[in-house]
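Beneath this line is the structure, given in structure tokens, with notes to follow.
Just so it is clear: chains get the letters A, B, ... in the order the sequence lines come, proteins before strands, and each one is counted from 1.
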Amino acid sequence: MTLYTRFRKQLDAALDALVAAGTLPEGLARGAVTVEPPRDPAHGDLATNAAMVLAKPAATNPRALAEAIAEQLRLIDEVAKVDVAGPGFINLRLVPNIWSDELRTIAEEGGDYGRSDAGAGVSVNIEYVSANPTGPMHMGHCRGAVVGDALADLLEFAGNTVTREYYVNDAGGQVDTLARSAHLRYREALGEDIGEIPEGLYPGDYLIPVGTLLAETYGDRFVAAPEADWLAEFRTRTVAAMMDMIRADLALLGIRHDVFASEAELQAAGKPDDAEAWLRARDLVYDGVLEAPKGETPDDWEPVELPLFRSTRFGDDQDRPIKKSNGSWTYFGADLAYHYQKAQSSDELIDIWGADHAGTVKRIKAAVAALTEEKTRFDVKLVQMVRLLRAGEPIKMSKRSGNFVTLADVVGEVGKDVVRFTMLTRKADAQMDFDFAKVVEASRDNPVWYVQYAHARIASLHRKIAELGIALTAPDLSRLVEDELAVVRLAAQFPRIVEAAAAAREPHRIAFYLGDLAAAFHALWNVGNDDPARRMIVAADPMLTSTRLFMADQIGQVIRNGLALMGVEAAEELN
RNA sequence: GCGCCCGUAGCUCAGUCGGAUAGAGCAUCGGAUUCCUAAUCCGGAGGCCACAGGUUCGAAUCCUGUCGGGCGCACCA
């Protein structure tokens, strides 16, 4: 339980007392009541808006109600002072040791400090990456992978049961193209000169070893055989090889999914048919003809009757086909069944998608709403594009020639931790630049470095103290001064940052918080530049040194815990 | 034509369920520092939160409209 939820409970008790006394009517909704740190520390340690929120429904004025609540709060032992301010804020000043005691809590809980049970009992399925199995991962996939993985970590830390899932799109036309491309490489492996890779097939070199493998497996018997003889088998083999490659790429980022769900298997098991039947029985799928698209009408457009899902009933702009005119499932038709399947085993669903799929969010949300009868929370988080820069110049990528920057290249160049942290330094739905030079720069304006530097500085204290042979004692937390306690207060915010970030499904908040915490710690450290008595290590005073070390260690612990949520290892040393 | 996302300091971006005087970094300006607790530090200035209405005790935040930018718009995935 965080300090804030603990005081929230005490506030509730105070409100109950006022209800019992007849000052407040019974049954007022308290959902909007908050207990948080005031923006201006001069206002105190905690502030609540309770009086302003409750004044109107209680038919009283906020200041008067605030006074009544304040009277109750003054009875709490840990509360040193209560003020009513502004339009009716109640500011609490806590007894001085409340924050230094939080240091002991951090020390006791260690890696679990900040862990919450806010999400207890709620299982969440988070689907991320889901790159088409047609080649290695490139940087376009990277951000979604990191955001999804960090969000999964975050939700787990906040108490949710999390399933990490990857949807393998192994059933569409693209994987047929992939199989044909592999067939070409197969013939090449058997000695044939295949020349230029024809337009429309995948040209990448990564299919060469697949061709070799296919040649070893099948010999030459499919060289001249009709496509129908080998297509399915080649497709299965090649997709499997691609997925091995993708899993290896993901492993470079420290990402492991729990479930790889195959679209082909889903279809083979008849799941889309089941979903269609279920929806038809409720008149949510019907056979109809779509209108021509507004604006520029494609030349080859012609009206066709297709089975349509009534997504307009759930807020979409148009009903959507679930099958193509050739009878096969559309991507949406299968995806709808897939989401139904996920909703069977989890309470809540999250999809992480590239922003280029924004146009299909409404239909899938409509489908989930229909299939779960609006009972399942479902968020689609859109992740914006990343622009790769080298020395300030955008790197040009041409998909056609297969000349794209792969994820493996980038991780190889700057390292997993830098990639992961950097991907979380922006809100997911904001565009981002990734400059190879800037992300590894050792300077104040590189948050990755700045946070690691703070941690490394703390680690260096132990080395230095050992070197100096200072005999450590038990810390005396009463010796911490005000601006040290200010940093401790910030460290103590971590649990509520975790809860807020998890509730909002925004892992980037952890990165920003760590940047703030690191900055505050550095500022404290820098005081020692001018004033040796304020250094973390004061050799002449072992107890003071021990106290400051204890404080620094707990700040380091919070940094480690935050970095762990981002899948980043904390550095002991920088070089 | 329609839909989605976005519009916050010169630049890049945060901004908690709607909360008190809207915050950082860079750049800029003014100081300090040549130190090894290093890969600088401290401070100042800089804002019609795109614009106009609305909701309410209170709006950068919610609603409506306008303007501007990005993305997407039949059986591709």
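Rounded to whole Å, the C1' atom of B/U8 lies 15 Å from the corresponding atom of B/G25. As rounded to the nearest Å, B/G43 and B/U33 have C1' atoms that lie 15 Å from one another. Here the separation of B/C11 from B/G7, taken at their P atoms, is 14 Å to the nearest Å. B/A52 and B/C67 are spaced 11 Å apart, taking the C1' atom of each and rounding to whole Å. Atom name C1', nucleotides B/U55 and B/C62: the rounded distance is 8 Å, in whole Å. Comparing the P positions of B/G23 and B/U66 gives an interatomic distance of 33 Å, to the nearest angstrom. B/U40 and B/A22 are spaced 32 Å apart, taking the P atom of each and rounding to whole Å. Distance check on atom P: B/C6 versus B/C63 gives 11 Å, rounded to whole Å.
Using a 3.5 Å distance cut-off with no hydrogens or angles, the side chains of A/R457 and A/H522 do pair a donor with an acceptor. Between the side chains of A/N132 and A/T134, not a single donor N or O lies within less than 3.5 Å of an accepting N or O.
A/H43 pairs by the ring-ring contact (aromatic ring centres under 6.0 Å, His included) definition with nothing, not counting sequence neighbours. Residues passing the salt bridge (Lys or Arg N to Asp or Glu O under 4.0 Å) test with A/D356, sequence neighbours excluded: none. When the side chain to side chain contact (heavy atoms under 4.5 Å, CB included) test is applied to A/T177, the partners found at least two apart in sequence or on another chain are A/R180, A/S181, A/L201, A/Y202. By the side chain to side chain contact (heavy atoms under 4.5 Å, CB included) test, A/A355 pairs with A/Q384, sequence neighbours left out. Residues passing the side chain to side chain contact (heavy atoms under 4.5 Å, CB included) test with A/R390, sequence neighbours excluded: A/I395, A/E413, A/F436. Remark: A/Y167 pairs with A/Y338 by the ring-ring contact (aromatic ring centres under 6.0 Å, His included) rule, at least two apart or across chains. Scanning for ring-ring contact (aromatic ring centres under 6.0 Å, His included) contacts around A/F494 gives A/Y513, with sequence neighbours left out.
With rounding to the nearest 0.5 Å, the separation of CG in A/D335 from OG1 in A/T360 is 8.0 Å. One distance of note links CG of A/L574 with NE2 of A/H455; it measures 10.5 Å at 0.5 Å rounding.
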Pairs: protein N or O with nucleotides 29-32 of chain B N or O, under 3.5 Å:
none

Kindly give the atom pairs (protein nitrogen or oxygen, nucleotide nitrogen or oxygen) under 3.5 Å for nucleotides 75-77 of chain B.
residue : atom : partner : partner atom : Å
B/C75   : O2   : A/S325  : N            : 2.3
B/C75   : O2   : A/S325  : OG           : 2.8
B/C75   : N3   : A/S325  : OG           : 3.2
B/A77   : OP1  : A/K324  : NZ           : 2.5
B/A77   : O2'  : A/N132  : OD1          : 2.8
B/A77   : O2'  : A/N132  : ND2          : 2.6
B/A77   : N3   : A/H357  : NE2          : 3.4

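Rounded to whole angstrom, the span from the CG atom of A/D531 across to the P atom of B/U33 amounts to 16 Å. Summarising the geometry, the separation between CZ on A/R387 and C1' on B/G70 is reported as 13 Å, rounded to the nearest angstrom. For the pair A/M536 CE and B/A38 P, the interatomic distance rounds to 11 Å; values are reported in whole Å. In this structure, A/I510 atom CD1 and B/U16 atom C1' are separated by 12 Å, rounded to whole Å. The separation between A/H508 atom NE2 and B/A14 atom C1' is 7 Å, rounded to whole Å. Nucleotide B/G15 holds its P atom 9 Å from the CG atom of A/D429, rounded to whole Å. As rounded to whole Å, 14 Å separates atom P of B/C41 from atom CH2 of A/W525. In this entry the distance linking CD of A/Q318 with C1' of B/G72 reads 13 Å, nearest Å.
In terms of position on RNA chain B, the residue among A/T425 and A/P532 whose nearest nucleotide sits closer to the 5' end is A/T425. Mapping A/Y450 and A/D356 onto RNA chain B by nearest heavy atom places A/Y450 at the nucleotide closer to the 5' end.
When the side-chain nitrogen and oxygen atoms of A/K464 are compared with OP1 and OP2 of B/U37, one or more of them lie within a distance under 4.0 Å. When the side-chain nitrogen and oxygen atoms of A/K362 are compared with OP1 and OP2 of B/C4, one or more of them lie within a distance under 4.0 Å. Residue A/K427 has a polar side-chain atom (N or O) positioned under 4.0 Å from OP1 or OP2 of B/A14.
Using a 30° and 60° split on the angle between ring planes, A/H138 and A/H141 fall in the tilted class, from 30° to 60°.
Using a 4.5 Å cut-off on side-chain heavy atoms (C-beta onward), A/Y128 and A/V147 make no contact. A/R534 is listed as a side-chain neighbour of A/V481, based on a closest heavy-atom distance under 4.5 Å. Contact of the A/F434 side chain with the A/V414 side chain is registered, since non-hydrogen atoms from C-beta on lie closer than 4.5 Å. Looking only at side-chain heavy atoms (C-beta outward), A/R310 and A/Y286 come within less than 4.5 Å of each other. A/W329 places a side-chain heavy atom less than 4.5 Å from the side chain of A/Q267.
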For nucleotides 17-26 of chain B, just jot down a letter per nucleotide in 5' to 3' order: B, S or -, based on protein non-hydrogen atoms under 4.0 Å. B-BB----SS

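Shown for residues 307-316 of chain A: no residue has heavy atoms falling under 4.0 angstrom of RNA chain B.
In this structure, A/I537 reaches the bases: a heavy-atom distance under 4.0 Å links it to at least one base atom across the strands shown.
Both the sub-6.0 Å distance and the 45° axial angle are not jointly satisfied by A/R363 relative to the ring of A/F309.
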RNA chain B in dot-bracket form (Watson-Crick or G-U pairs under 3.5 Å, [ ] crossing, | inter-strand) is (((((((..((((.....[...)))).(((((.......))))).....(((((..]....))))))))))))....

